[in-house]
Amino acid sequence: MKVRLIILSGIMTALVGVVISLAATKIGQRNFNQLQYESQSYQNLHKKYALIGASLGFLVGAGQECLRELKTARDREIEQ
């Protein structure tokens, strides 16, 4: 298996996950410049969403690339 390719794929999809999660936090606000809630936990919510999006993105990307590598290895074994 190509570990570097798996990690790279995980990092790239993690970046996509961060962008999507940050966009989701902005879409939920009525006014982009003013927060809807005043609580400290709600003010730092975008940081938690970014971490969750990055984690899920990395897992999905790495998992998908692992499946591709396993399929390629299986196809090579079938040909031989």
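On a predicted model such as this, the values are computed, not experimentally measured, just so you know.
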Item to check | Linked hydrophobic residues, Ile20 as query - side chain contacts closer than 4.5 Å | outcome: Val16

Item to check | Any pair counted as salt bridge (Lys or Arg N to Asp or Glu O under 4.0 Å), so long as it reaches residues 4-16, sequence neighbours left out | outcome: none

Next on the checklist: Which Ile, Leu, Val, Met, Phe, Trp or Tyr residues join Ile11 in one cluster when any pair of side-chain heavy atoms under 4.5 Å counts as a link?
Outcome noted: Val3, Ile7, Phe58

Checklist outcome for this item: On a heavy-atom basis, the closest approach of Ser21 and Ala50 is OG-CA, 3.5 Å

Next on the checklist: Enumerate the salt bridge (Lys or Arg N to Asp or Glu O under 4.0 Å) contacts for residues 11-22, please, sequence neighbours excluded, ordered by first and then second residue.
Outcome noted: none

Checklist entry - Got a sec, which hydrophobics cluster with Val18, joining ILVMFWY side chains under 4.5 Å apart, including via others? => result Leu22

Checklist entry - Mind checking what makes side chain to side chain contact (heavy atoms under 4.5 Å, CB included) contact with Thr13, not counting sequence neighbours? => result none

Next on the checklist: Taking transitive links into account, so neighbours of neighbours count too, which hydrophobic residues share a cluster with Ile52 at under 4.5 Å side-chain distance?
Outcome noted: Leu56

Checklist entry - Do you know the tightest heavy-atom contact between Ala54 and Ala14? => result O-CB, 3.4 Å

Item to check | Spatial distance of atom OG (Ser9) from atom CD (Glu69) [nearest 0.5 Å] | outcome: 9.5 Å

Checklist outcome for this item: So the salt bridge (Lys or Arg N to Asp or Glu O under 4.0 Å) pairs with at least one residue in residues 49-67 (sequence neighbours excluded) are Glu65-Arg68

